[in-house]
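Okay, structure first, notes after.
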4 protein chains.
Amino acid sequence: MAELNTPSKIIKLVNLKFLHTFVPNEHSLGMSKKEKILRTALELIVKQGIQETPMSQISKVSGVAMGTIYHHFKSKNEIVNAIYIFLKQEMGNALLQEKNKSTDYKSMFFQFWSNLFEFYRRNEQAFKFLQTFSQSPLISSEAKNDGLQYYNPIIRFFQEGLQNKNLKPIDLVLLTETIHGNIISLVQIHFQQTITVNEQIIDQAINMSWNSVANKK
Amino acid sequence: MAELNTPSKIIKLVNLKFLHTFVPNEHSLGMSKKEKILRTALELIVKQGIQETPMSQISKVSGVAMGTIYHHFKSKNEIVNAIYIFLKQEMGNALLQEKNKSTDYKSMFFQFWSNLFEFYRRNEQAFKFLQTFSQSPLISSEAKNDGLQYYNPIIRFFQEGLQNKNLKPIDLVLLTETIHGNIISLVQIHFQQTITVNEQIIDQAINMSWNSVANKK
Amino acid sequence: MAELNTPSKIIKLVNLKFLHTFVPNEHSLGMSKKEKILRTALELIVKQGIQETPMSQISKVSGVAMGTIYHHFKSKNEIVNAIYIFLKQEMGNALLQEKNKSTDYKSMFFQFWSNLFEFYRRNEQAFKFLQTFSQSPLISSEAKNDGLQYYNPIIRFFQEGLQNKNLKPIDLVLLTETIHGNIISLVQIHFQQTITVNEQIIDQAINMSWNSVANKK
Amino acid sequence: MAELNTPSKIIKLVNLKFLHTFVPNEHSLGMSKKEKILRTALELIVKQGIQETPMSQISKVSGVAMGTIYHHFKSKNEIVNAIYIFLKQEMGNALLQEKNKSTDYKSMFFQFWSNLFEFYRRNEQAFKFLQTFSQSPLISSEAKNDGLQYYNPIIRFFQEGLQNKNLKPIDLVLLTETIHGNIISLVQIHFQQTITVNEQIIDQAINMSWNSVANKK
DNA sequence: TATGAATGAGCATTCATTCAT
DNA sequence: AATGAATGAATGCTCATTCAT
């Protein structure tokens, strides 16, 4: 871990960005109605589930009238999809943050891994939302396809590793899904609080990932 | 993989068991009402989601009257919990099937891995149900606790591996979650059908898992 | 009051009678199924209301199977009517108990008054049931007509009082309903426990009734 | 009776008031939705009983959609309580109407008696509703407590009568309940139509009440 | 843009009654 | 007589969406 930049700074940026991304009107002092709706919906849906979150509650908690919500979004489903697309973007941004200048493959692997882990850790709602709804039929295939693009940098990174024999010859899809799964596992442990996820645990986890794919020459 | 027994036979047994476990009345030739309800509910819930599966549909599809469903189960929720508990049991049984007589640690690791993977692969509904509802607040904590016990054999197996230095010194929780996550990842690839999961892919996947934890002496 | 027999002895007789009236089979050591059903229904209906007392609960609490209940009674309604008829009979019996040998009109008035009051006081369930369902359309008009006959002795007693100028010239229906209402009022005070209904209060109450109708010559 | 104002005019006022009390929006020409719901519910519940009056029927008969009913009232129960509270208010108003300027105690007694009798007689639905549900556990204790206050003027009037020896020394609770019971009895006779309740009968009834409590000096 | 009252189809659940044993 | 599993119509209530203002 010593050679890695701590991801905390990166995430702070991400979080600040998060705070304002929903705001289309940069002149408004408060949040735009649209942002209020999305924030409230995300919070309530993660806490309660989609079916357990009536539009009336989103209206009440956000302070935006029912009719206004429907002015901005065609349906409840559209809100869910809007949240999904936004969070995927955020995740994509987090992945690329402060990429280590080093061209050392292992360092870059650690950087990616850490970026994604920290993004999820810092954005519990985002993590839970994406975990719950990534597979859901509620999310349109357009939104899903749109979301896939953000993995492209990683996929390219893995392809490069396979070509350069930094990685063992493993099917690209298997490689991607497994490493992503490893990150998810650690995030889940973190939020379940079964054990405290400290630097040592993170270190163990990243190294498990690395050892599962690294081509020891 | 050559040294591993194919798990397909095991799973067939499990499935047969599955067919009859719900049947309390050994004299009945067909399925008991209770079994019909649970099977239908599992099928519909996996396909459509819980909220999208009205009790009236479970009644119609299963051919069991509404009132009869409520004679056997207190609520829709209780049905979901009953399915959860049953599937966890099945999973627990699958884990222990045809345990290789070999005391070679690696072989046993492969056996466990394969058992669980094959169980999920052969029981798509079980997999999707457990993926979707394992985290859900709909499942009572009693049911969840009950479900945890079935992992005990694996946990003991990992503890033993740590003690005997078969495994690298890794936190036990991290170890368990990560390996389980690896299996899940492969199952998901299988069901998404992005690529065809053949013996070679399975072999790569198990070896990724093994390499991530094996203590190369 | 001094010249009146204490009604307690009377009521004890009534109660004993009550205990056995439901028992058609005098050889049975326990209660008959029919009696168990009626007793349980009375208790539950008074406590919870009719709609809040499902047949299934009557079955469970009485220990008599659903089918058996329907063997003895055509419907839930029939149970309610059976209870009504039985309780009216009991009331009728109570009215006539230990009638004072004295032919003094006032004494006899006091006797009637006291008999009815004590019957209600000793049989809370009977009182509440009759109060609630006497007006109810659930009770068939046959049952209601049947119930009316038990007031005949009182009606005759009042007619006699009117003829003999013991009573003021008051419409017979008004007379009967008002005096009965007076008794009901006292019973209600007793069960509401706003005040403790002791001998003095009872005395005041009977005298109010008497003063409202007595022809002071 | 000659010295008493006929209460009919009073009641007409009450009824007019009744017509408009439910209307919160003074600009609406017709009844408010809320009023339509309450009126319809009162009518149907009195005619059929609570359990026999489904919300769907209230919706259909009132011409207000189901959802709208639940927009205004949290539950069926809340509707029942709203009706109860409203009717108790009406009764309270009726009690105080056109109070005779005379300070003659007997006249005032007759006035109160007549006011309450006429209110019930003119408002059959109110009478039946209150008779049926005043004891019911469906009515919240808050509503019941709220309802009690409307009897205060009468209670004070009786206390005064006891102090001034206009009335015999009778327990206040007994006094109140009995006189109220007498009124109820007459109203019931009226609605049962066993006999026609004309001025003469009313006169007899009030005098029975008065004779039962008056202190003949 | 914004509001929130109004809509009504849809759902989980209940319960009187039946019937095979 | 007795049993209790089975039935399914009926009910209270929810909630995504519309629309008049």
Side-chain angles (χ1 to χ4, degrees), chain A residues 25 32-34 37 50-60 63-79, chain B residues 24-25 27-28 32-34 36-37 50-60 63-79, chain C residues 25 32-34 37 50-60 63-79, chain D residues 24-25 27-28 32-34 36-37 50-60 63-79:
Chain A
N25 176 5
S32 74
K33 298 269 174 189
K34 209 165 179 175
I37 296 163
I50 282 198
Q51 308 293 339
E52 293 72 25
T53 303
M55 293 297 268
S56 59
Q57 194 190 14
I58 297 176
S59 165
K60 199 172 292 172
V64 178
M66 293 284 298
T68 310
I69 295 179
Y70 278 89
H71 179 77
H72 289 291
F73 300 96
K74 217 175 61 202
S75 69
K76 191 182 184 182
N77 221 311
E78 196 171 291
I79 293 178
Chain B
N25 177 4
H27 302 302
S28 83
S32 72
K33 297 269 174 189
K34 214 166 177 174
K36 277 186 196 156
I37 297 163
I50 283 196
Q51 308 292 340
E52 292 73 23
T53 303
M55 292 297 267
S56 58
Q57 194 190 14
I58 297 177
S59 167
K60 198 173 294 174
V64 177
M66 292 285 300
T68 308
I69 296 179
Y70 279 89
H71 183 76
H72 291 290
F73 300 95
K74 222 174 56 201
S75 67
K76 191 180 182 182
N77 221 312
E78 197 171 287
I79 294 178
Chain C
N25 176 5
S32 72
K33 297 271 172 186
K34 210 164 177 175
I37 296 163
I50 281 200
Q51 308 293 338
E52 292 72 24
T53 302
M55 293 295 268
S56 58
Q57 194 190 14
I58 296 176
S59 165
K60 200 173 292 172
V64 178
M66 296 282 299
T68 309
I69 295 179
Y70 277 89
H71 180 77
H72 289 291
F73 300 96
K74 217 174 62 201
S75 67
K76 192 181 182 180
N77 222 311
E78 197 172 289
I79 293 178
Chain D
N25 178 4
H27 301 302
S28 84
S32 72
K33 298 270 172 187
K34 213 166 176 172
K36 277 186 195 156
I37 296 163
I50 282 198
Q51 308 292 340
E52 293 72 22
T53 303
M55 293 297 269
S56 58
Q57 194 190 16
I58 297 177
S59 167
K60 198 172 293 173
V64 177
M66 292 283 302
T68 308
I69 296 178
Y70 280 90
H71 183 76
H72 291 288
F73 300 95
K74 223 174 56 203
S75 66
K76 191 179 182 182
N77 220 311
E78 197 171 290
I79 293 178

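From a predicted model like this one, the values you see are computed outputs, not experimental measurements. Every chain is numbered from 1, with letters handed out A, B, ... down the list of sequences.
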Starting at the 5' end of DNA chain E and moving along, which residue's nearest nucleotide shows up first, C:Ser56 or B:Gln51?
B:Gln51

C:Lys76 to C:Thr53 - nearest heavy-atom pair and separation
NZ-O, 2.8 Å

Mind checking side-chain contact (heavy atoms from CB on, under 4.5 Å) for A:Gln51 and listing every partner two or more places apart, or none if nothing turns up?
B:Gln51, B:Glu52

B:Tyr70 atom OH is separated from F:dA10 atom C1', nearest whole Å, by 14 Å

Report the residue (B:Glu52 or C:Asn77) whose heavy-atom-nearest nucleotide on DNA chain E is the more 5′ of the two.
B:Glu52

Spell out protein contact along nucleotides 3-8 of chain F as letters: B when the base is contacted, S when just the sugar-phosphate is, - when no protein heavy atom is under 4.0 Å; keep the 5' to 3' order.
BBBSBB

In this structure, how many angstroms lie between the P atom of F:dG12 and the CZ atom of D:Phe73, rounded?
15 Å

Shortest non-hydrogen contact from D:Val64 to D:Lys33?
CG2-CD, 3.9 Å

Here the gap from C:Lys60 atom NZ to C:Gln57 atom CD, rounded to the nearest 0.5 Å, amounts to 8.0 Å

If you measure from the P atom in E:dT1 to the same atom in F:dT21, how many Å do you get, rounded?
23 Å

Give the rounded distance in Å between these two atoms: NZ of B:Lys74 and C1' of E:dT14.
15 Å

Contact class for B:Ser75 (heavy atom, under 4.0 Å): base, sugar-phosphate, or nothing?
sugar-phosphate

Only counting residues at least two apart or in another chain, list the ones meeting side chain to side chain donor-acceptor pair (under 3.5 Å) with D:Ser59.
none

For D:Ile58 and E:dG8, what is the distance between atoms CD1 and P respectively, to the nearest whole Å?
17 Å

Counting Watson-Crick and G-U wobble pairs whose two distances are both under 3.5 Å, find the runs of 3 or more in a row that involve DNA chain E.
E:2-21 with F:2-21

Distance col, row A:Ile58:CD1 vs A:Ile37:CD1, nearest 0.5 angstrom, shows 9.0 Å

Run the side-chain donor-acceptor check on residues 66-75 of chain B: report pairs under 3.5 Å with partners two or more places apart or on a different chain.
{"residue": "B:Ser75", "atom": "OG", "partner": "B:Asn77", "partner atom": "N", "Å": "3.4"}
{"residue": "B:Ser75", "atom": "OG", "partner": "B:Glu78", "partner atom": "N", "Å": "3.2"}

D:Met55 has an atom CE; how far is it from atom C1' of E:dC11, in whole Å?
16 Å

Separation of F:dA10 P from D:Gln57 CD (nearest whole Å):
13 Å

